[in-house]
2 protein chains.
Amino acid sequence: MRTPCGSTAPPPLAGDEARRRADLLKALADPVRLQLLSVIEESDGHEACVCDMTDRVDVAQPTVSHHLKVLVEAGLLHRERRGSWAWFRLDTARLAEIRAFLPG
Amino acid sequence: MRTPCGSTAPPPLAGDEARRRADLLKALADPVRLQLLSVIEESDGHEACVCDMTDRVDVAQPTVSHHLKVLVEAGLLHRERRGSWAWFRLDTARLAEIRAFLPG
């Protein structure tokens, strides 16, 4: 397809897929969520207990729980209950998918 | 550091750096901006004219210009004027940086 300036360009990414990708990036695009993910990534076995997160970021426990829920719902974290505590680990496949669809 | 549940976890990403990374991800986290980036990525020479974008996404030209401005200000695109038209190309170093700091 030729455009007024003389260049050619392909059709864009489909709208539905663009919205799905934007939702994944929105789940990542928060400073506290990036801090929580960094704690999990750097922890032994790449997993961390909710009590670790609450100690390490400068927000109250209900806010930590809210951000962890957003990350689980986006498919970026897995949640598992062990005794009294909830533990979280990265969904490395989902994160690899994001890395792969980024342009450039 | 040992926490109540018995796990150990490192300190998180610093707040300033977390905010900088979140701002980069927010610039990416929009369906129209992902479509515009896909047009540029798939175009000859990985660059595209503003007229290409306007033809290929389902929003009006001022909205396209707004989204391109957000991407330029975030350092994700370079803008160059050629005659009557503005051309855009990806900042591949900035996109590689995002890919590198994603967890997982």
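Letters go in sequence order (proteins before strands), and every chain restarts at 1. Heavy atoms only: backbone and side chains are in, while hydrogens, waters and symmetry mates are out.
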Is there a donor-acceptor pair closer than 3.5 Å between any side-chain N or O of Arg79(A) and the backbone N or O of Leu68(A)? no
Note: vs chain A, highest number of non-hydrogen pairs under 4.5 angstrom among Met53(B), His46(B), Glu17(B), Gln35(B) is Gln35(B)
Okay, side chain of Arg33(B), backbone of His67(B): is any donor-acceptor separation there less than 3.5 Å?
no
Turns out that what part of Ala27(B) lies under 4.5 Å from chain A's heavy atoms comes down to neither
Most heavy-atom pairs under 4.5 Å with chain B, out of Val57(A), Leu37(A), Leu95(A), belong to Leu95(A)
Practice item. Measure from the side-chain N and O atoms of Ser38(B) to the backbone N and O of Leu13(A), and report whether any donor-acceptor pair falls under 3.5 Å. Key: yes
**Asked** Looking only at atom types and distance, does a side-chain atom of Arg99(B) sit under 3.5 Å from a main-chain N or O of Leu102(A), one as donor and one as acceptor?
**Response** yes
inquiry  = Could you tell me if the side chain of Leu76(B) sits less than 4.5 Å from the side chain of Ile98(B), heavy atoms only?
reply    = yes
Honestly, the part of Leu90(B) sitting under 4.5 Å from a heavy atom of chain A is side chain
When the 4.5 angstrom heavy-atom criterion is applied to Glu41(B) and chain A, the contacting part is side chain
Bottom line for Ala100(A): the part with an atom under 4.5 Å from chain B's heavy atoms is neither
